[in-house]
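Below is one structure, written out as structure tokens; comments come after it.
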Amino acid sequence: MEESVRPSYTVSQPPPHIDLQAIPRPAKRDDHPGDSGGPSAKAWPAAWEARYRAWVIGSDVFITLLVIAISAFVIDRVAPHDMHAFGTILAVFVSLPASRAWSPRVLGEGAEEYRTLGRGFLTAAVLVALGGLLFGALEVQVWVFVVVPAIALVAFPQRYLLRQVLHRKRAKGLCLLPVMAAGSPETVADLIARTRSEVHVGWRVEAACTFSGHGADRDSGEIDGVPVVGRLEELSRHVRRGGYRVVAITADQYWTPKRLQRLAWDMEGTGAEMVVAPVLMEVAGPRLNVTGVLGMPLLRVTAPMFTGGRRVVKEIVDRAGSALLLTLLSPLLLVIAVAIKLNDRGPVIYRQRRVGRDGATFTMLKFRTMVTNADAIKQSLAADNEGAGPLFKMKRDPRITRVGGFLRRYSLDEVPQLFNVLSGKMSLVGPRPPLPEETEQYPPDARRRLLVKPGLTGLWQVSGRSDLTWAESIRLDLRYVEDWSLALDLVILWKTLRAVMGGHGAY
């Protein structure tokens, strides 16, 4: 797990404590049903939202001015009338808001926030270059290729630090947007479960409306602890009187295009944002686009990208990244190899057949973390299997050596897979490489994991690792296959570092 006085901290340090105001939990919305003609409680943005956005903008401005000042000094352009420095400042301050990098809708939204920020700096670099050509200042190259990237290099981690402050608040139940969910009890329950498991998103479902005005049965007045305050036909009235920030429309036969249009009209002036969940719940990101055809709003779903320019870039990053990492980690590889050898005199590398892209098998390399006869002992431990689905896992596996336990905790046993990435059999980011016997048990939908190269890390590794159920791990891998993007890869790589350092869910 989407921001004034200029901050007084240095760029290399995290920002000081930000006092984001918590959103008090509203009373149950069915206390005062009212009528459609009564007064409305407009959902104004909370104070913490304005304060967070101010911190984001302030930090971006501070970083931009600081980096440009240092750059001007280094390039010997200290004069106040220096047009290159002024032009770069102007380009950045125009490009970031124009690219929605300061929009409240993307702040704290993970990959989308970084995508808009990156687009903003790319636009700024183009503007600086065009300005240099327009005014005949050909020496502008250093500002395009050095200064603007330097600002971005500092801005991205700074945004990350601010988001961590926000996420910690949300983990405590603060800084959350009150949500009204409307749909069938089953889809509303699914939305509630998702918001509770991914609290960093910032949604808290506080009330619901269903077709019958009840939960799953007529005796139930709530769904998973969330009160059902009325029927779907009464939704706009409850929104007007409740002051909700988000109205989440989930699947139900009641919803027709005309009713959704009428609801949108009725919600005008409430300040609430209407969000409609598409039928394709696991398809998101750049694959979804809304376009108007024949006067109708249509949700266009583009095909997953398994080839093309972005995949070529991913391939280049994989090969170059694995080569660089192997070079940097070579002393660590040597130390681990010696430790394994001294532990029981057995082989250092464990080779195992895994299934890769399009079902082709390859030999995956790992540091050996178990006794040499681990595969033979596995059959006798079948009754103690704690793994999900076809996976075999034990939290206290007696086959793991003393050195192996340490390597597994911090995923150091996976480092030799960089050779698989370098050879093109694997990717830095992708679905988990399965065993041949696992793929034999795959249902048709799970086999879509094999459409792309398996990865050294992936969504499931940064979302719980071995603590996930089989269904959850498959869902996350399929979500990656469907919604892959370069920005998502960068987020996963960064989160992998955090997951590895914490050692959570690894055994």
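Sequential numbering from 1 along the given sequence is applied to the chain's residues. Only a predicted model underlies this, so the values are computations on that prediction, with no experimental measurement involved.
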A side-chain contact here means heavy atoms from C-beta on lying under 4.5 Å apart; do L153 and V67 qualify? no
List the atom of L191, the atom of A248, and the distance in Å for their closest heavy-atom pair. CD2-CB, 3.6 Å
Only residue of L66, I68, L65, I89 satisfying side-chain contact (heavy atoms from CB on, under 4.5 Å) with I151 is I68
For P347 and I340, the nearest pair of non-hydrogen atoms, with its separation, is O-CG2, 3.9 Å
Can you check whether G346's main-chain N or O pairs, donor with acceptor, with D344's side chain at less than 3.5 Å? yes
Salt bridge (Lys or Arg N to Asp or Glu O under 4.0 Å) partners of K425, counting only residues at least two apart: none
Take K169 and W48 through the test side-chain contact (heavy atoms from CB on, under 4.5 Å) and record every step on the way to the result. CA-CA 11 Å; K169 291 288 185 179; W48 69 264; over 6 Å; no
For the side chain of K366 and the backbone of Q352, is there at least one donor-acceptor N/O pair under 3.5 Å apart? no
Measuring from atom CD1 of I349 to atom CE of M364, what distance do you get when rounded to the nearest 0.5 angstrom? 11.0 Å
T195 and V179: side-chain contact (heavy atoms from CB on, under 4.5 Å), yes or no, with the steps? CA-CA 10 Å; T195 57; V179 177; over 6 Å; no
By the definition side-chain contact (heavy atoms from CB on, under 4.5 Å), identify the one residue from T64, I57, T88 that meets it with F93. T64
For D318, all residues meeting salt bridge (Lys or Arg N to Asp or Glu O under 4.0 Å), sequence neighbours excluded: none
Does S427 reach the main-chain N or O of P454 with its side chain, forming a donor-acceptor pair under 3.5 Å? no
Option from T496, L418, I492 for which side-chain contact (heavy atoms from CB on, under 4.5 Å) with L428 holds: L418
Got a second to check how far D358's CG is from L451's CG, nearest 0.5 Å? 7.0 Å
Has the side chain of R447 got a donor or acceptor atom that lies under 3.5 Å from a matching backbone atom of Y442? no
Indicate yes or no: at least one non-hydrogen side-chain atom of S71 is less than 4.5 angstrom from one of V146. no
So Y160 and W494, would you call those rings parallel, tilted or perpendicular, with 30° and 60° as cut-offs? perpendicular
F367 side chain near V348 side chain, heavy-atom distance below 4.5 Å: yes
If you round to the nearest 0.5 Å, how far is CZ of R105 from CZ of R100? 8.0 Å
Residues R311 and E315 bridged, charged N to O under 4.0 Å: no
What distance do F156 atom CZ and L490 atom CG have between them, rounded to the nearest 0.5 Å? 8.5 Å
One thing to verify: whether R310 and D489 come together as a salt bridge, which I'm taking to mean a side-chain N less than 4.0 angstrom from a carboxylate O. no
Ignoring hydrogens and angles, tell me if any N or O in the side chain of Y480 forms a donor-acceptor pair with the backbone of V429 under 3.5 Å. yes
I need the minimum non-hydrogen distance between Y114 and V491, along with the two atoms involved. CD1-CG2, 3.9 Å
When you compare the side chain of T369 with that of Y350, does any pair of heavy atoms fall below 4.5 Å? no
Does R351 CZ have over 12 foreign heavy atoms under 6.0 Å away? no
Value for CZ (R115) from CZ (R119), rounded to nearest 0.5 Å, stands at 7.5 Å
I would like to know whether M426 and S322 meet side-chain contact (heavy atoms from CB on, under 4.5 Å); could you show each step before the answer? CA-CA 10 Å; M426 293 179 61; S322 58; over 6 Å; no
Measure the shortest side-chain to side-chain distance between V415 and I336 over non-hydrogen atoms and say whether it is less than 4.5 angstrom. no
Just by distance, with hydrogens left out, do T361 and R353 show a side-chain donor and acceptor under 3.5 Å apart? yes
Are D60 and R159 close enough for a salt bridge, meaning some N to O gap below 4.0 Å? yes
Atom of L127, atom of S95 and distance for their closest heavy-atom approach: CD1-OG, 3.3 Å
Quick one, R357 and K453 - any side-chain contact, counting heavy atoms below 4.5 Å? yes
Test item: L326 and L333 side chains (from C-beta on) under 4.5 Å apart, heavy atoms: yes
What are the two closest heavy atoms between T439 and P434, and how far apart are they? CG2-CG, 3.6 Å
Between D477 (side chain) and L459 (backbone), is there a donor-acceptor pair under 3.5 Å? no
Heavy-atom side-chain proximity of E414 to T457 below 4.5 angstrom: no
Kindly compute the distance separating SG (C175) from CZ (R168), expressed to the nearest 0.5 Å. 12.0 Å
Check this for me: does any side-chain nitrogen of one of E438 and R449 sit under 4.0 Å from a carboxylate oxygen of the other? no
Show your reasoning for whether side-chain contact (heavy atoms from CB on, under 4.5 Å) applies to F121 and V92. CA-CA 7 Å; F121 283 117; V92 171; 4.2 Å; yes
Kindly say whether H200 contributes a backbone atom to a donor-acceptor pair with the side chain of R170 at under 3.5 angstrom? yes
Within the side chain of T116, is there an N or O that forms a donor-acceptor pair under 3.5 Å with the backbone of E113? yes
Shortest non-hydrogen pair, V452 vs P431, comes out as CG2-CD, 3.5 Å
